[in-house]
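Below is one structure; the comments refer to it alone.
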There are 2 protein chains.
Amino acid sequence: MVTNSRLEEILERLEKADGLEGLQSSIVSLRDEFAIDHLVYHWVDSLGAHSGVGTYSLEWRQKYEQQQFHRVDPVILGCYQRFHPVDWKQLDWSTKAARHFLRVATEYEVGNQGYSVPIRGPNGQFALFTANHTCSDEEWSAFIEEHRRMLVLIAHYFNEKALELEPDRAPEAAQNLSPREVDAMTLLAMGYSRAQVADTLSISEHTLRVYIESARFKLGALNTTHAVARALSRGLIVV
Amino acid sequence: MVTNSRLEEILERLEKADGLEGLQSSIVSLRDEFAIDHLVYHWVDSLGAHSGVGTYSLEWRQKYEQQQFHRVDPVILGCYQRFHPVDWKQLDWSTKAARHFLRVATEYEVGNQGYSVPIRGPNGQFALFTANHTCSDEEWSAFIEEHRRMLVLIAHYFNEKALELEPDRAPEAAQNLSPREVDAMTLLAMGYSRAQVADTLSISEHTLRVYIESARFKLGALNTTHAVARALSRGLIVV
DNA sequence: TTTTCACTCCCCAGAAATGGTGAGGTATCG
DNA sequence: CGATACCTCACCATTTCTGGGGAGTGAAAA
């Protein structure tokens, strides 16, 4: 068991960790500390590619990427819609794809129990911190009850570190949309046509187009749908 | 000073808090516990409207809303771009609007020292948990060094509670998309035109349209952009 | 004071998306 | 075994979006 006083120590060490290697060795020793099978921190980017640190085997990570499991992985799909940390048992494993995924995962020595903390950062950054183990439901519940707060805190420390290491992640963040551009993007994301948006905002459709185009330019988007998608995932608009 | 053992107690109490009133009374007693001027949890929606709980005076909250201070408040603007909790001293108070805002805030008995934890949830939800006080820089630094981890954890507990109280924020029962529909929505969200998507997926554009339309139907969307926006904010696709 | 930026308005022509309808094959689930 | 869901292809006419232009105001920043 990891006591509260150990938490201080762990976080101190984590704060001093340097580079990806530092994070990797931190997560390994943390895994040992918790005495569980796996501990993983990773984030998901636009292509579904995963990067991060953790104790999953190389084979499993390769298999995961090669099979594009992020599209069916209930952990990713489920956590993306939640704020709360989630026990894997609460997820929906009923689809065929999910069951297949689970079966393959087991072959690669991924434990049957899991607890994942979703983490969100600026610009739609999304990451997961996952504890994984093989044991009974009761044992796992006890473990989670004991450690969930600590896991949340550690998850956030990992993400802070990861964001420090990846300045690429937020390069063109500075481009904020003007209020009118936000209005336009928001209404478009709500399904309004350009004519309806212009009407709602009480401006001409021509003017509206200027906003859409300047928003598209700022967001580096290829078309309106792309601009709305980017604005959404960067958290610039809320629908 | 709030000890680590008190933290457990505080979080236990918070978890049992019921409704907005429960959160409000929790935050007041937490403020007393920390012995600081103010403690505030609030979230910001697309229109800039604020809701939440805290110990700022009604007058200040009204003034803030009426003056639309969220558009110039360096705390909001600064935290929106970051993941890390931030000491108000690190923010950019140099613009004229910011200085004016600070002057008015002081009139309304907002303290000179602040520490804000940005929190992000699904659908671009954004919230802030702020500790505010009047004291010297040294005293404040000591307070933060002592309590920042606790503040992060409490911030997240408040947000969990707030999300529970706001079912509007939770995505509606998500009817899931078929793999091909996910492919289509994903590529559209990446800015591809229909022709490009069809080409990428090696299907005819006619077939692609069937996917788009059935996705639109499932998502209750009015057009493609709307469908992509909904798929994104429901976490059905990741871009 | 000059420059920058947000906001507003206008035209045109070609490219792209949409709405409605129809049809056939293959899995999977109960 | 039948219902259901998924994947694939096609046509038509109409609406909507897009990519180029150009121009003037006022407020704020340098």
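So that the names make sense, note that chain A is the first sequence line, chain B the second, and so on, each numbered from 1.
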### Query
Can you check side chain to side chain donor-acceptor pair (under 3.5 Å) on B:D183 and B:Y211, steps first, answer last?
CA-CA 9 Å; B:D183 291 340; B:Y211 297 145; over 6 Å; no

### Message
Please determine whether side chain to side chain donor-acceptor pair (under 3.5 Å) holds for the pair B:D137 and B:Q113, giving the CA-CA distance in whole Å, both sets of side-chain angles, and the decisive distance to 0.1 Å.
### Response
CA-CA 8 Å; B:D137 287 1; B:Q113 303 287 353; 2.7 Å; yes

### Task
May I ask you to verify if any side-chain N or O of A:K218 is less than 4.0 angstrom from the OP1 or OP2 atom of C:dA6?
yes

### Pairwise 5' ranking along DNA chain C for B:T225 and A:E181, keeping only the more 5' one
A:E181

### Query
Is there side-chain contact between B:N112 and B:H133, with heavy atoms separated by less than 4.5 Å?
no

### Any B:S178 side-chain N or O less than 4.0 Å from OP1/OP2 of D:dC7
yes

### Query
Would you say the side chain of A:M190 lies within less than 4.5 Å of the side chain of A:I237, judging by non-hydrogen atoms?
no

### Message
Assuming nearest nucleotide by heavy-atom distance, tell me which of B:P179 and A:T224 is located more 5' along DNA chain D.
### Response
B:P179

Between the protein and nucleotides 28-30 of chain C, list the N/O to N/O atom pairs that are separated by less than 3.5 angstrom.
unit_1: C:dT28; atom_1: OP1; unit_2: A:K96; atom_2: NZ; d: 3.1

### Message
Could you tell me if the side chain of A:N223 sits less than 4.5 Å from the side chain of B:Y192, heavy atoms only?
### Response
no

### Query
Taking the six-membered ring for Trp, are A:H156 and B:F83 ring centroids under 6.0 Å apart?
yes

### Query
Do A:E15 and B:R148 sit within salt-bridge range, that is, some charged N less than 4.0 Å from a carboxylate O?
yes

### Query
Is there a side-chain contact between A:L187 and A:Q196 (heavy atoms, below 4.5 Å)?
no

### Query
Going by number, which of residues 198-215 of chain B have a non-hydrogen atom under 4.0 Å from DNA chain D?
B:I203, B:S204, B:H206, B:T207, B:R209, B:V210, B:Y211

